[in-house]
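Since the structure comes first, as structure tokens, the remarks are kept for the end.
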Amino acid sequence: DTGVSQDPRHKITKRGQNVTFRCDPISEHNRLYWYRQTLGQGPEFLTYFQNEAQLEKSRLLSDRFSAERPKGSFSTLEIQRTEQGDSAMYLCASSSQGGTEAFFGQGTRLTVV
Amino acid sequence: AQSVTQPDIHITVSEGASLELRCNYSYGATPYLFWYVQSPGQGLQLLLKYFSGDTLVQGIKGFEAEFKRSQSSFNLRKPSVHWSDAAEYFCAVGDRNQGGKLIFGQGTELSVKP
């Protein structure tokens, strides 16, 4: 078990471009979470999946953000028409159903210039 | 409203000294409580967690935390700090039915003086 994997680790993009991040959870975990962490702040919950179903979305997840988990395994988070305010660390975590602990990946650092 | 407050943004301690990081929470239901550590540019590593039972919980790397319901607190302690403990520490609260959906505090940055 290699833990939660995120790709890429770093992404620099120009304002207005679209970006997509990938998260591979721990293989037996059916719950997957996305968080956003801005500088000097704690992570903030964005959305979570149970298997392929997206069960909850935070109000932080604007219309420009979309997340998918098509086969209940890996997940993607896409940001369309990026803005400078989207610059942050995007963290993915996974847990087993009924599990009481989330395991985090190392995150994707997005910089919008 | 559900929230977590870490009153200290930055703490500096000398190596070998004791450490206490404060955490207060506001949560409607019985909380699950966590402490995570984050090194620069890295993800979060779980130090310890509290669900029920003994209010003093032991974690990895010699850390412990005490749950005090009357004070809505879950402070993290370590008797002797090592230089490698320098990092950002986050307290978080979650629901017992939803282990991965957490509310985090803003973090406490720990610096360790030689």
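Any value given below was found using the heavy atoms of this structure, including those in side chains, with hydrogens, waters and symmetry copies removed. Letters A, B, ... mirror the listed sequences (proteins, then strands); counts begin at 1.
Two different hydrophobic clusters hold B/L47 and B/F34 under the rule that ILVMFWY side chains link at heavy-atom gaps under 4.5 Å.
Heavy atoms of B/L44 lying under 4.5 Å from chain A belong to its backbone as well as its side chain. Of the two parts of A/F103, neither the backbone nor the side chain holds a non-hydrogen atom closer than 4.5 Å to a non-hydrogen atom of chain B. With a 4.5 angstrom heavy-atom cutoff, B/E88 does not touch chain A via any of its atoms. Only the side chain of A/Q37 has a heavy atom closer than 4.5 Å to any heavy atom of chain B.
A donor-acceptor contact shorter than 3.5 Å links the side chain of A/Y35 to the backbone of B/L102.
Surrounding CG of B/L56 are more than 12 heavy atoms belonging to other residues, nucleotides or ligands, all under 6.0 Å away. By the neighbour-count criterion of 12 heavy atoms within 6.0 Å, atom CD of A/E68 is sparsely surrounded, having that number or fewer from other residues, nucleotides or ligands.
In terms of heavy-atom pairs under 4.5 angstrom with chain B, the leader among A/S94, A/P43, A/G40, A/G42 is A/P43.
Rounded to the nearest 0.5 Å, atoms CD (A/Q106) and CD (B/Q42) are 4.5 Å apart. Atom CZ of residue A/F104 and atom CD of residue B/Q45 lie 12.5 Å apart, to the nearest 0.5 angstrom.
Under a cutoff of 6.0 Å and an axis angle of 45°, B/K101 and A/F45 form a cation-pi pair.
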